[in-house]
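What you see is a predicted model; the values in this text were computed from it and never measured. Every heavy atom of this structure was used, including side-chain atoms; hydrogens, water molecules and symmetry mates were not.
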Amino acid sequence: MNTQANPIEFETDAGGELDAGFLFASFKNTGTTDALVNEVVLKAGEAKGYPFVGKAYQSLSYDAQQSTLRILHIL
């Protein structure tokens with residue numbers, strides 16, 4: 001097992017899913033329309049985080065819906 005965290009950062013205008021096992025994630029809607037994160041609306045300009053809680057998260061869906069999401073997650 002790797003003992004160092006692996007941060008992954010990207011932008012997307014599509015939908016997708018963070019695979020189960022991530023330790024931290026943050027989302028920022030940098031677009032101009034609403035997006036969905038974990039099936040909850042993320043308005044333009046808003047951010048949402050999933051902090052380290054001592055164990056890995058289950059998979060998490062997102063959909064930019066004609067907007068842009070900046071996503072950072074740590075494995």
Using a 4.5 Å cut-off on heavy atoms from C-beta on, say whether the side chain of Pro7 contacts that of Leu72. yes
The complete set of side-chain hydrogen bond (donor to acceptor under 3.5 Å, both in side chains) pairs with one or both residues in residues 35-49, sequence neighbours excluded, reads none
Please list, chain by chain and in numerical order, all residues satisfying salt bridge (Lys or Arg N to Asp or Glu O under 4.0 Å) with Lys55, sequence neighbours excluded. none
Within-4.5 Å side-chain heavy-atom neighbours: Leu69 and Lys28: no
Ring geometry between Tyr62 and Phe27 (parallel below 30°, tilted from 30 to 60°, perpendicular above 60°): tilted
Please determine whether residues Leu60 and Val40 belong to a single hydrophobic cluster, defined as Ile, Leu, Val, Met, Phe, Trp and Tyr linked transitively by side-chain heavy-atom distances below 4.5 Å. no
Report yes if some heavy atom in the side chain of Ile71 is under 4.5 Å from a heavy atom in the side chain of Thr12; otherwise report no. yes
Does Ser67 have any side chain to side chain donor-acceptor pair (under 3.5 Å) partners at least two apart in sequence or in another chain, and if so, which? Asn29
List the residues meeting side chain to side chain donor-acceptor pair (under 3.5 Å) with Glu11, not counting sequence neighbours, and say none if there are none. Arg70
Side-chain touch Ile8/Ile74, heavy atoms, less than 4.5 angstrom: no
Residues which pass side-chain contact (heavy atoms from CB on, under 4.5 Å) with Gln58, listed by chain and number, not counting sequence neighbours: none
Ring pair (Phe, Tyr, Trp, His ring centres under 6.0 Å) partners of Phe24, counting only residues at least two apart: none
Inter-residue atom distance Ser61.OG - Glu17.CD, 0.5 Å rounding: 6.5 Å
Does one hydrophobic cluster hold both Phe10 and Leu36, with members joined at side-chain heavy-atom distances below 4.5 Å? no
Do you know the tightest heavy-atom contact between Thr33 and Gln65? OG1-O, 3.4 Å
For Leu23, run the side-chain contact (heavy atoms from CB on, under 4.5 Å) check against Phe52, Tyr57, Tyr50 and tell me which one passes. Phe52
Value for CD (Gln66) from CG (Asp34), rounded to nearest 0.5 Å, stands at 11.0 Å
Over all atoms of both residues, closest heavy-atom pair of Ala64 and Ala35: O-CB, 3.6 Å
